[in-house]
Participant: 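Once you've had a glance at the structure underneath, I'll fire off some questions.
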Amino acid sequence: MNLFEHYKKLLSKYGAQGWWPLIELHKNNINPTKTGSMNGYHPNDHSYPKNNKQIFEICLGAILTQNTSWTNVEKAVMNLNDLNVIDPYKIIDESEDKIKLAIKPSGYFNQKYKKIIEFCKFFIKLKENQIPTREELLELWGIGFETADSILLYAYRIPVFIVDTYTKRFLISLDLIQKDWDYNKIQELIENDLGKNIKDDQKVIIYQEFHALIVEYNKRIK
DNA sequence: TTCCAGGCAATAC
DNA sequence: GTATTGCATGGA
């Protein structure tokens with residue numbers, strides 16, 4: 001069974017996941033049956049992000065969710081929203097103590113504060129409609145492969161497959177990779193495999209959905 | 001109480 | 001060059 005068939009199987013089993021969750025959709029409660037949380041998802045609506053603020057919000061979430069459950073990140077994002085600082089200039093201008101208190105529920109708040117400030121400075125320097133490259137993101141302190149690819153795929157709709165611990169576990173269970181494979185090697189395998197069965201203009205949507213489905217699958221089998 | 005969650009950088013070896 | 005450790009909260 002190729003990876004596209006695994007994708008279709010998970011999709012039929014769990015339904016469209018509609019990542020990345022956004023504050024604006026938080027009240028919609030579109031998918032209340034989702035494991036673990038939460039609202040803000042937009043299954044079968046691939047028109048997000050709709051503006052620069054939502055792009056920035058996704059980037060923030062990608063940093064805050066490093067090694068942390070989304071329910072904890074959700075609290076942090078909502079706190080930032082309550083402070084009205086989902087904006088790189090406002091985060092930099094706001095006091096360090098207030099931002100750290102807001103993001104505290106997501107854990108590692110000292111490190112994540114520093115990561116967010118670094119990212120804000122970078123984000124501000126981007127020109128209108130400029131899309132950051134993977135290399136530029138990886139140069140930033142606090143941004144590794146997964147965070148960079150999450151930002152590219154969900155905030156900027158660039159077709160790169162996100163390899164997280166769940167994805168790795170999933171592929172090991174299918175005996176498609178070994179434990180010692182590094183990030184980029186795994187990513188190459190996935191993209192090559194899927195590339196045989198999907199067209200270029202479908203990649204972003206399927207990469208977004210498949211990654212989210214793998215996360216959902218791993219949460220449910222526990 | 002222990003373990004882990006939508007990782008990453010610093011340090012040790 | 002690879003393996004281990006520190007970072008921190010909240011829920012199961």
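The sequence lines fix the lettering, A, B, ..., with proteins before strands; numbering per chain opens at 1.
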Participant: For B:dA10, does either OP1 or OP2 sit under 4.0 Å from a side-chain N or O belonging to A:Trp141?
Facilitator: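 Looking at the OP1 and OP2 atoms of B:dA10, one of them is under 4.0 Å from a side-chain N or O of A:Trp141.
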
Participant: Could you tell me the separation between the CZ atom of A:Phe145 and the P atom of B:dC8, rounded to a whole number of Å?
Facilitator: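 Whole-Å distance recorded here is 9 Å.
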
Participant: With sugar-phosphate meaning primed atoms plus P, OP1 and OP2, does A:Ile162 contact a base, only sugar-phosphate, or nothing at under 4.0 Å between heavy atoms?
Facilitator: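 Since no nucleic acid heavy atom lies under 4.0 Å of A:Ile162, the category is nothing.
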
Participant: Would you mind reading off the distance between A:Asp182 atom CG and B:dG7 atom P, rounded to a whole angstrom?
Facilitator: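 For the pair A:Asp182 CG and B:dG7 P, the rounded distance is 17 Å.
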
Participant: OP1, OP2 of B:dG6 versus side-chain N and O of A:Lys168: anything below 4.0 Å?
Facilitator: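 False: A:Lys168 side-chain N/O out of range (4.0 Å or more) of B:dG6 OP1/OP2.
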
Participant: Any base atoms under 4.0 Å from A:Leu140, or only sugar-phosphate, or nothing? Heavy atoms, all strands.
Facilitator: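 Sugar-phosphate contact only.
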
Participant: Just N and O in the side chain of A:Arg169: are any of them under 4.0 Å from OP1 or OP2 of B:dG6?
Facilitator: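 No, A:Arg169 has no side-chain N/O under 4.0 Å of OP1/OP2 on B:dG6.
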
Participant: Rounded to whole angstroms, how far apart are NZ on A:Lys104 and P on C:dG10?
Facilitator: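 Going from NZ in A:Lys104 over to P in C:dG10 covers 8 Å.
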
Participant: Which sits closer to the 5' end of DNA chain B, A:Ala148 or A:Asn72, going by the nucleotide each is nearest to?
Facilitator: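 Result of the comparison: A:Asn72.
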
Participant: Does a side-chain N or O from A:Lys219 land closer than 4.0 Å to OP1 or OP2 of B:dG6, or not?
Facilitator: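 So the side chain of A:Lys219 is within the cut-off, an N or O lying under 4.0 Å from OP1 or OP2 of B:dG6.
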
Participant: For C:dA8 and B:dA10, measure between their P atoms and round to the nearest Å.
Facilitator: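 Rounded to whole Å, the distance is 14 Å.
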
Participant: In whole Å, I'd like the distance from the NZ atom of A:Lys100 to the C1' atom of C:dA8.
Facilitator: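 Checked: the NZ to C1' distance equals 13 Å.
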
Participant: With respect to the phosphate group of C:dA8, does any side-chain polar atom (N or O) of A:Asn110 fall under 4.0 Å of OP1 or OP2?
Facilitator: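 For C:dA8, OP1 or OP2 has a side-chain N or O of A:Asn110 closer than 4.0 Å.
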
Participant: Check the geometry between A:Trp19 and B:dG6 and answer yes if their rings are stacked (centres below 5.5 Å, planes below 30°), otherwise no.
Facilitator: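 Taking the rule of under 5.5 Å and under 30°, the ring of A:Trp19 does stack on B:dG6.
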
Participant: Determine: side-chain N/O of A:Thr165 to OP1/OP2 of B:dG7, distance under 4.0 Å, yes or no.
Facilitator: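 Yes, within the criterion.
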
Participant: Do A:Ser12 side-chain atoms and A:Lys9 backbone N/O form a donor-acceptor pair below 3.5 Å?
Facilitator: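 Such a contact is found between A:Ser12 side chain and A:Lys9 backbone.
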
Participant: Rounding to a whole Å, what distance do you find between A:Asn218:CG and B:dG6:P?
Facilitator: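 A:Asn218 atom CG is separated from B:dG6 atom P by 9 Å.
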
Participant: So A:Glu146, base contact, sugar-phosphate only, or nothing? Heavy-atom distance under 4.0 Å.
Facilitator: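 The answer is sugar-phosphate, as A:Glu146 gets under 4.0 Å only of primed atoms, P, OP1 or OP2.
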
Participant: In whole angstrom, give me the gap between the P atoms of B:dG6 and C:dC7.
Facilitator: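 Looking at atom P only, B:dG6 and C:dC7 are 22 Å apart.
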
Participant: A:Tyr217 and A:Tyr166: ring pair (Phe, Tyr, Trp, His ring centres under 6.0 Å), yes or no, with the steps?
Facilitator: CA-CA 9 Å; A:Tyr217 167 76; A:Tyr166 288 148; 9.5 Å; no

Participant: How do A:Lys75 and A:Lys112 order along DNA chain C: which one's closest nucleotide is nearer the 5' end?
Facilitator: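 Residue closer to the 5' terminus by nearest nucleotide: A:Lys112.
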
Participant: Specify the residue among A:Val215 and A:Gly142 whose closest nucleotide of DNA chain B lies further upstream toward the 5′ end.
Facilitator: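 Residue closer to the 5' terminus by nearest nucleotide: A:Val215.
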
Participant: For A:Trp19 and A:Tyr154, take the angle between the two ring planes, folded into 0 to 90°, and tell me which bin it lands in: parallel under 30, tilted 30 to 60, perpendicular over 60.
Facilitator: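 It falls in the tilted class, 30° to 60°.
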
Participant: Does a sphere of radius 6.0 Å around NZ in A:Lys179 hold more than 12 heavy atoms from other residues, nucleotides or ligands, not counting ones at 6.0 Å or beyond?
Facilitator: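 Counting neighbours around NZ of A:Lys179, 12 or fewer heavy atoms of other residues, nucleotides or ligands fall under 6.0 Å, so no.
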
Participant: Using whole Å, what does the distance between atom P of nucleotide C:dT9 and atom OH of A:Tyr108 come to?
Facilitator: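 Taking OH of A:Tyr108 and P of C:dT9, I get 11 Å after rounding.
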
Participant: A:Tyr183 has an atom OH; how far is it from atom P of C:dT2, in whole Å?
Facilitator: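 Whole-Å distance recorded here is 19 Å.
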
Participant: Side chains of A:Phe123 and A:Asn52: does their closest heavy-atom pair fall under 4.5 Å?
Facilitator: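 Yes. Closest side-chain heavy atoms under 4.5 Å.
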
Participant: Taking OP1 and OP2 of B:dC8, is either one under 4.0 Å from a side-chain nitrogen or oxygen of A:Thr147?
Facilitator: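 Result: yes.
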
Participant: A:Gln111 side chain: which of C:dT9, C:dA8, B:dA5 is closest?
Facilitator: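 Of the candidates, C:dA8 comes closest.
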
Participant: Quickly work out the A:Glu139 CD to B:dC8 P distance and round it to whole Å.
Facilitator: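 Answer to the nearest Å: 16 Å.
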
Participant: Identify whether a stacking contact exists between A:Tyr166 and B:dG6, where the ring centres must be under 5.5 Å apart and the planes under 30° apart.
Facilitator: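 Not stacked by the 5.5 Å and 30° rule.
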
Participant: Nearest heavy-atom pair of A:Leu176 and A:Trp181: which atoms, and what distance?
Facilitator: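 Distance-wise, the nearest heavy atoms are O-CH2, 4.0 Å.
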
